[in-house]
J.: 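One structure, as structure tokens, below. Some questions next.
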Protein chains: 2
Amino acid sequence: MQLDERKMKILQAIIRTYMETGEPVGSRTISKYSDLNLSSATIRNEMSDLEEMGYIIQPHTSAGRIPSDKGYRLYVDTMMLEKDREVAEMKELMLEKTEKMEKILMQVAKLLANNTNYAAMISSPQIRKNRLKFIQLSQVDTLHILAVIVCEGNIVKNKVIETEDELDNEDILKLNILLNTNLNGLAMEEINLATIARLKEQAGIHSQLLNDVMDAVAEAIVGDEDLEIYTSGATNIFKYPELSDSSKAKEILATFEEKQQLVELVNSTMEQNSETGIQVYIGEETPIQTMKDCSVVTATYELEEGVQGTIGIIGPKRMDYEKVVANLKTLMNKLDDVFKKK
Amino acid sequence: MQLDERKMKILQAIIRTYMETGEPVGSRTISKYSDLNLSSATIRNEMSDLEEMGYIIQPHTSAGRIPSDKGYRLYVDTMMLEKDREVAEMKELMLEKTEKMEKILMQVAKLLANNTNYAAMISSPQIRKNRLKFIQLSQVDTLHILAVIVCEGNIVKNKVIETEDELDNEDILKLNILLNTNLNGLAMEEINLATIARLKEQAGIHSQLLNDVMDAVAEAIVGDEDLEIYTSGATNIFKYPELSDSSKAKEILATFEEKQQLVELVNSTMEQNSETGIQVYIGEETPIQTMKDCSVVTATYELEEGVQGTIGIIGPKRMDYEKVVANLKTLMNKLDDVFKKK
DNA sequence: ATTAGCACTCAACCTATCAGAGTGCTAATA
DNA sequence: TATTAGCACTCTGATAGGTTGAGTGCTAAT
């Protein structure tokens, strides 16, 4: 069977109506409130076809139809792409001051949740291919050394290291010079065993300390650990009856609380970089199993080359995809402004 | 009217039973399942008295009784205190490595939530009366200075400062010495205008930079900003029908998501330091308005003199108070072990 | 002071009924 | 041949009535 223009229009009308109401939509509704000028009987025939083709589903005999995952998918793929070719002129931002950053990210999540009435999440930007800018060791007291590591993009990490043998200022100065001359500008994959061995040799007796420092450096550069995720509006799911029965709601909210699973969402989003940066997962397509009754829209934002994070919207399958995508786009621009202003 | 021994026992039985079942409890139940050997009629008379005195409530005629806030309060005050005099031998812990810290705190929250089946929260330790240990400025690039501030207890903060005029290494060295000789060992309240004025004078042209640094220092010492709160098991509230109707659940969960209100809970807990460190808020007593249908049990933990945080359990009013308090106590000991081991 | 007994109340549950929305099918129509 | 009108049928959801069981308050007997 062919999915001709008319069927397409009817499908579209069904999805639109269903989004508004959340109720199964019947033939008569479409017949009356669309500009197709067809009788409900005709619509019924077409709907019957659409159902056979798998685009819509009847929850039970004598109920209206609701879109299937396949139907939503079609909707998103086609209806969306029309609007979408107005490409992305993207950001070029500064990031420093992680504390402020946190606040902005939380603000963004909140704003998004309020605007869309869905649940929102945003991940802190991740640095890919990060390079070391400089290292600074300083003595805190006789037994503790503070290592401050600054990477490209002014990402700062610190680590307090407990030392076994006491060090004097001179030792530390030497180590500082040693580390900086040997490691500056290197990315993680370039710091290999040979480099480290050479360092150790030159460091002499302080090789234990050096080990700890290297650990800290590795962590700072790879930096997978401190992927922070901020969420907002998780309770918005109560606005959608199809999600708010207690067991479903519980699962979804627990996922939001246990941010671990959201991290996976972020990772899977990062891997597939689509052209527009926006991805839509419908129902079972989602990488998070517990969200199989929802749809998830994610976008990747980029502050500067190689520094990027993920924004996501989680809502019911009858989510207003156009609105969400529009929101995500304008939001990215706003984000841009905020960072540029500083 | 007097609250004699027997009334007390009946009240206790009512509360215990209500905790288990969550249903209003009737006279017959008490008559059968308590060791009082009284007929239901007698119980009914006593219950009538108890209701008049305000310890129990009848949701509607011909339903059983449930404990009122006042009843719970009595229960907690008396029943609890018996068990409670086995004081608190407390902690003496190290803290460094805030990242590890985070993980431990999250773990604790999780454990507590799992153990009790209520919602749990824990705040990161706050430092009261903090003193500056040392400051280190270093040049990141021509326009950025990194200020690293270490406080007593090895709390590290850093701030990247944008400079207007270019600085050379010598300038920075001077500033470093200046700051350290003048500020070391001082607490916030000791850094007054006079000190700052003197510093500015000596800093000469770099007074703008000095301003920024002082801001950073102030923030590091006061450090009210980075009160982190970790939660777990928020969705446990669905286990209690009296809380899980959608509007109430929504409110409570939103409070958990918006950690702001929990901060207030932490603050109010910190202010009133009871002897045992454990406080119980029942119903309307709670500092968080949205939790008026719940009970909140908070405890203050202390890592070392002046470094303390808050743990809290949020559950239904029919929470098993004894269990919760016991849990909090053993948990504190566990926390102790964890930190001591390191 | 305690208890047994009785009448009464109320929420919860079950059942039946009914209206409304929706469908599928068939026959009439353009 | 495509569309439409009409009709019988199905299913959900709301409403109303009836029943049950748990619980109470009161009174009279112990």
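Labels below follow one simple rule: chain letters A, B, ... track the order of the sequence lines, proteins then strands, and each chain is numbered from 1. Note that the structure is predicted; figures quoted are calculated from it, not measured.
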J.: Nearest-nucleotide wise, let me know which of A:Ser62 and A:Asn45 is further upstream toward the 5' end of DNA chain D.
T.: A:Asn45
J.: I need the CG-P distance between B:Asp49 and D:dC26, as an integer number of Å.
T.: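 Interatomic distance, CG of B:Asp49 to P of D:dC26: 12 Å.
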J.: Using whole Å, what does the distance between atom P of nucleotide C:dG24 and atom CE of A:Met47 come to?
T.: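 Distance check: A:Met47 CE to C:dG24 P gives 9 Å.
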J.: Does C:dA11 have a Watson-Crick or wobble partner in any strand here, with both distances under 3.5 angstrom, and which is it?
T.: D:dT20
J.: Once you apply a heavy-atom cut-off of 4.0 Å, does B:Thr61 come out as touching a base, just sugar-phosphate, or nothing?
T.: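 Sugar-phosphate, no base atom in range.
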J.: Rounded to the nearest angstrom, tell me the gap between atom CZ in B:Arg6 and atom P in C:dT3.
T.: 8 Å
J.: In Å and rounded to the nearest 0.5 Å, what is the CD1 to CD1 distance from A:Ile278 to A:Ile313?
T.: 10.0 Å
J.: Do any N or O atoms from the side chain of B:Glu257 and from the backbone of A:Gly233 form a donor-acceptor pair under 3.5 angstrom?
T.: yes
J.: Starting at atom CD of A:Gln58, determine the distance to atom P of D:dT10, rounded to an integer number of angstrom.
T.: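 To the nearest whole Å, that distance equals 14 Å.
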J.: Within this structure, what is the CG-to-C1' distance between B:Asn37 and C:dA1, rounded to whole angstrom?
T.: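 From B:Asn37 CG to C:dA1 C1': 16 Å.
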J.: Mind checking whether B:Phe238 and B:Thr235 have side chains closer than 4.5 Å, heavy atoms only?
T.: yes
J.: What is the distance, to the nearest angstrom, from the CZ atom on B:Arg28 to the C1' atom on D:dG25?
T.: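 The distance from CZ of B:Arg28 to C1' of D:dG25 comes to 17 Å, rounded to the nearest Å.
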J.: Phosphate oxygens OP1/OP2 of D:dT4: is one of them under 4.0 Å from a side-chain N or O of A:Ser40?
T.: no
J.: Quick one: A:Ile14 CD1 to C:dA21 P, roughly how many Å, whole number?
T.: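 Computing the A:Ile14:CD1 to C:dA21:P distance gives 18 Å.
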J.: Identify the nucleotide, in any strand shown, that forms a Watson-Crick or G-U wobble pair with D:dT30, with both distances under 3.5 Å; if there is none, say none.
T.: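 Its partner is C:dA1.
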J.: Is the phosphate of C:dT3, meaning OP1 or OP2, less than 4.0 Å from a side-chain N or O of B:Thr42?
T.: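 Answer yes for this pair, as a side-chain N or O of B:Thr42 is under 4.0 Å from OP1 or OP2.
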J.: Would you say the side chain of A:Arg44 and the base of C:dG24 hold a donor-acceptor pair, judged only by whether the two atoms sit under 3.5 Å apart?
T.: yes
J.: What's B:Ala41 touching, base or sugar-phosphate or nothing? Going by heavy atoms closer than 4.0 Å.
T.: base
J.: If each of A:Glu51 and B:His60 is mapped to the nucleotide of DNA chain C with the nearest heavy atom, which maps nearer the 5' terminus, i.e. the 5' end?
T.: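 That would be B:His60.
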J.: Separation of A:Arg65 atom CZ from D:dT12 atom P, in whole Å?
T.: 15 Å
J.: Are the side chains of B:Leu265 and B:Thr298 in touch, meaning some heavy atoms are under 4.5 Å apart?
T.: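 Yes, side chains in contact.
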J.: For residues A:Arg44 and A:Ser27, is any side-chain donor paired with an opposing acceptor at under 3.5 Å?
T.: yes
